Amino acid sequence: MKEIVPQPPAMVHNETAEIQALFQQYVVPTYGRFDLVLSHGSGSQLWDVAGKRYLDLGGGIAVCALGHAPAAITETLIEQSRKLIHTSNFYYHAPQGRLAQALVNLIGPGKCFFANSGAEANEGMFKLARKFGHDEGRFEIITAINSFHGRTLAGIAATGQDKVKKGFEPMVPGFRHVPFNDLAAMREAISPATAAILIEGIQGEGGVTPATPEYLLGLRQLCDEKKLLLFMDGVQCGHFRTGRFQSYQRILENVSGGEKFIPDAISMAKSLGGGYPIGAFWVRQPYADLLGAGSHGSTYGGSPLACAVALKILSIIEQEKLADNAREVGAYMKSGLEQLAAKYPGVIVNVRGLGLMIGIELAPNIPAFSGEGKSAAVRFTNLLHAAGLLAVPTATHIIRFLPALNLRRSEADEGLKIVSSVVEKLSS
Ligand SMILES: *Cc1c(COP(=O)(O)O)cnc(C)c1O
């Protein structure tokens, strides 16, 4: 791992205000952004334009698998861009073929389709379900309440949260939602039009809620019985974040019958490219050739540059045993947070997650957060920022830690110290 680079000399003028003004004037305001203007990073360290340092435990929302500016990825970007950046999918090239092979080797017999984002990876799976059910008039996909599947029109229809749909009705038809981890509700919801079920192994935006082993095994059985496809959205919880390549592998570890579990398709993005945009879905045999020539596509999807980066990330994860690191440092962080929750139950009521996907649930009535205004999660995150730590708020009262997979134990310690200082202040 790379050492921390010294920060550049302090800016002589106020770049923060200047850059924020550009956004106000020229960028469509779809995001509630924090008051931070970032400049550069190294590993899990980040600096803003004023020279303040942050420990980044948000990882760009589970994207920066190797942290910021990893030297090996910079090298790969330079090397591959000297050969080929883009070809279109009219032609063959080595990086896409090799990456598909690597992903199949990690999951099981099947094939991959490449896109550029998580939403697009899911779109591909939606089309797969439509194609699968088409001749029988089946088209419906059942998803979970509190799920998140992306911001495209079908993505928001698939997402089990009203807030993402509001104002964009009518929804793309064919999606219904049932409570997560409730097998009976899923069974009940299946209609003659149902073609597939889609869930996250660990709900991310919904608040870091893992599927139970019984739920996963039950859904597989249900899908087999009703001839439905079982899709898993591994965009956030996948790519070794839990200590295994996919979260279901971790959830089903040491569970009887768990080793035989396999979904029919899995979507990926986020950590797959470590910050370079790439998405993908894997689909198992015998469904791997359902989407034939001309049925789906993407101009950029699986470009030589994106695939070379993704391959390099996979090889570094393996070389540096980052799956084990995610498991160990994640368990260490989680136990530290659990101790904090035990000491300050008036601030933290629950700690959830696996590996380096951890959520803390804030108490509903923290006095400092009473009154009108932003959610407790956003206000807590602002306090973390002030104390030099980046984390990702979600729902109204959950703080997520989704750091780089190469996070060091010393960095976890620093993070725990900062979180403790904020929690301590809130409890007094
Ligand atoms: C982030 C995310 C998506 C959407 O990915 P984009 O790259 O933003 O389109 C889909 N599903 C899950 C579970 C996610 O966390």
Side-chain angles (χ1 to χ4, degrees), residues 30-33 58-65 113-129 141 143-161 163-165 168 172 175 177 180 196-211 216 230-242 245-248 250-251 263 265-282 298 300-303 306 309-310 313 352-359 391-395 398-403:
T30 54
Y31 306 99
R33 290 180 205 268
I61 322 183
V63 167
C64 305
F113 174 85
F114 293 98
N116 311 285
S117 66
E120 263 187 90
N122 285 334
E123 289 278 343
M125 293 202 302
F126 303 153
K127 284 179 74 174
L128 187 75
I141 300 170
T143 76
I145 290 172
N146 284 332
S147 60
F148 181 79
H149 300 298
R151 294 287 194 158
T152 56
L153 273 180
I156 61 174
T159 293
Q161 303 189 48
K163 68 178 182 203
V164 307
K165 305 175 195 270
F168 301 109
V172 172
F175 293 94
H177 318 298
F180 189 54
I197 288 170
L198 167 65
I199 61 151
E200 292 156 86
I202 304 174
Q203 288 191 334
E205 303 305 303
V208 190
T209 310
L216 292 178
L230 179 56
F231 291 165
M232 292 193 72
D233 181 335
V235 169
Q236 186 165 151
C237 58
H239 226 70
F240 301 102
R241 182 153 296 280
T242 60
F245 182 56
Q246 290 297 320
S247 62
Y248 68 81
R250 175 75 202 267
I251 293 167
I266 303 169
S267 57
M268 298 166 246
K270 292 202 163 95
S271 283
L272 177 62
Y276 193 92
I278 180 170
F281 72 78
W282 164 93
S298 162
Y300 288 131
S303 76
V309 167
I313 290 172
R352 298 189 286 270
L354 289 167
L356 287 173
M357 181 168 183
I358 305 173
V392 187
T394 192
I398 313 280
I399 307 296
R400 275 178 300 171
F401 302 105
L402 304 158

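Just follow the structure's listing: the first ligand is 1, and inside any ligand the first atom is 1. Numbers here simply count residues along the sequence, with the first being 1. Note that this is a predicted model, so its numbers are computed, not measured.
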Is it the case that [X] and [Y] place a side-chain donor and acceptor less than 3.5 Å from each other?
X	Y	answer
Gln236	Glu205	yes
Ser298	Asn116	yes
Glu123	Thr152	yes
Thr159	His149	no

Can you tell me which residue and heavy atom of the protein come closest to [atom], and the distance to 0.1 Å?
atom	result
atom 9 (O) of ligand 1	Ala119 N, 2.7 Å
atom 1 (C) of ligand 1	Lys270 NZ, 1.5 Å
atom 11 (N) of ligand 1	Asp233 OD2, 2.7 Å

Out of all atoms in ligand 1, which are within 4.0 Å of some heavy atom of [X]? Include the element for each.
X	value
Ser117	7 (O), 9 (O)
Glu200	13 (C)
Asn122	10 (C), 11 (N)

Do any N/O atoms on [X] end up under 3.5 angstrom from N/O atoms on ligand 1?
X	value
Phe148	yes
Val235	no
Glu120	no

Judged on heavy-atom distance to atom 5 (O) of ligand 1, which of Ala62, Gly234, Gly118 sits nearest?
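Looking at heavy atoms only, the winner is Gly118.
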Side-chain touch [X]/[Y], heavy atoms, less than 4.5 angstrom:
X	Y	result
Leu128	Phe231	yes
Phe126	Val172	no
Arg241	Ser247	no

